[in-house]
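Report on the structure given below.
Counting from 1, the numbers follow the sequence of the chain as shown. Note that the structure is predicted; figures quoted are calculated from it, not measured.
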Amino acid sequence: MGESENKAEWRVYGPAEASRFTRGSEPISLQDTDRILSKILDNAGMQIALVDRDLSYLRVNGPYAAFRGLRPEEMKGRGFDEFPEDPDTPELLREVLASSEPRFFPARPLPRSEESGEGVTYWDWTLIPVHGTNGRPDGLILMLREVTDRLEAEQALAKSREQLLQAQKMEALGVLVAGVAHEINNPV
């Protein structure tokens, strides 16, 4: 088989045929593409949501909806403000929309639902504006990755380091005191 036979050739059709693209001669429908995209989003290992300029949900993946106790289809069309996680978040999203620049926010706290009883978790947030044909952002992609375990491990490591430092100080003090006691008991 020649090299050209191994390469997949993707063709994107013009506006009249925008409902499909092909790999070689096999058409892939928008429905298939949507199913594949859903599979990718649900298995991305993070929460992902797409909101419009008014901060209404257009699409969320399974983990995003499950964190809020819902299914993805139950969130579509609902406003971001219906899920009061942090009162500053809508303003933060509006700032990113206004700036048109992607932003990263490390370790933002998110309270769990009261019935789960798990308290606050921490998440790295990536906010990416989605630009329309007019060049202005039509919405945002929110990607949240939980980092609670990492933060707890970092805190435990810092505590262990502090304890080790204190033990080293006590050891040095013990050596010093033993030396002084030896000199007192055995003068030259």
Side-chain angles (χ1 to χ4, degrees), residues 6-13 17-86 88-90 92-94 96-97 100-132 137-157:
N6 291 329
K7 291 183 179 177
E9 291 186 23
W10 292 87
R11 291 189 295 265
V12 178
Y13 291 90
E17 300 172 300
S19 64
R20 62 189 172 101
F21 62 93
T22 66
R23 181 176 188 249
S25 61
E26 305 167 26
I28 299 176
S29 68
L30 275 181
Q31 186 177 22
D32 288 340
T33 303
D34 188 59
R35 184 179 47 77
I36 292 167
L37 177 61
S38 292
K39 192 70 129 173
I40 291 168
L41 291 175
D42 286 340
N43 291 287
M46 62 176 56
Q47 295 183 24
I48 302 173
L50 174 63
V51 296
D52 63 16
R53 285 193 68 75
D54 299 324
L55 304 184
S56 294
Y57 290 103
L58 299 173
R59 184 175 194 150
V60 302
N61 70 349
Y64 192 96
F67 186 83
R68 288 143 188 88
L70 299 170
R71 293 186 319 268
E73 57 273 6
E74 293 175 310
M75 293 191 71
K76 188 173 183 177
R78 295 173 80 171
F80 194 88
D81 58 346
E82 290 184 47
F83 305 94
E85 295 156 346
D86 176 7
D88 297 333
T89 301
L92 182 72
L93 300 179
R94 286 184 186 91
V96 173
L97 279 168
S100 293
E101 295 294 323
R103 302 265 311 269
F104 176 75
F105 300 94
R108 285 184 53 85
L110 265 180
R112 281 272 192 189
S113 62
E114 291 164 8
E115 52 275 356
S116 74
E118 291 186 39
V120 175
T121 56
Y122 293 88
W123 300 77
D124 285 347
W125 287 45
T126 303
L127 305 178
I128 303 170
V130 178
H131 294 83
D138 287 339
L140 283 174
I141 297 172
L142 290 78
M143 295 186 295
L144 291 73
R145 179 178 306 276
E146 187 171 12
V147 295
T148 306
D149 292 341
R150 185 191 80 206
L151 288 178
E152 288 172 354
E154 288 172 357
Q155 289 170 349
L157 180 60

Minimum heavy-atom separation for [X] and [Y], please, with both atom names.
X	Y	answer
R68	Y57	NE-OH, 4.4 Å
Q47	W123	NE2-CH2, 3.0 Å
P90	L55	O-CD1, 3.8 Å
D52	D54	OD1-N, 3.0 Å
Y122	A107	CD2-O, 3.6 Å
M75	A65	SD-CA, 3.5 Å

Would a 4.5 Å heavy-atom cut-off, applied to side chains only, mark [X] and [Y] as touching?
X	Y	result
P63	D42	yes
R59	S38	yes
D138	V130	no
L97	R53	yes
R71	E74	yes
H131	S100	yes
M46	L144	no
L142	Y64	yes

Counting distance only, does the side-chain N/O of N43 pair as donor-acceptor with the main-chain N or O of K39 below 3.5 Å?
yes
Let me see the working for L93 and L127 under side chain to side chain contact (heavy atoms under 4.5 Å, CB included), right down to the final yes or no.
CA-CA 8 Å; L93 300 179; L127 305 178; 3.6 Å; yes
Can you tell me which residue among D124, T121, T89 is in a side chain to side chain donor-acceptor pair (under 3.5 Å) with R108?
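With R108 as partner, D124, T121, T89 yield a single side chain to side chain donor-acceptor pair (under 3.5 Å), made by T89.
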Reported [atom1]-to-[atom2] distance for the pair [X] and [Y], which is rounded to 0.5 angstrom:
X	Y	atom1	atom2	value
I48	L41	CD1	CG	5.0 Å
M143	I128	CE	CD1	3.5 Å
L140	R103	CG	CZ	11.0 Å

Go through T148 and E146 one step at a time and tell me if the side-chain hydrogen bond (donor to acceptor under 3.5 Å, both in side chains) criterion holds.
CA-CA 6 Å; T148 306; E146 187 171 12; 3.2 Å; yes
What's the verdict on side-chain hydrogen bond (donor to acceptor under 3.5 Å, both in side chains) for R145 and T126, showing C-alpha distance, side-chain angles and the deciding distance?
CA-CA 9 Å; R145 179 178 306 276; T126 303; over 6 Å; no
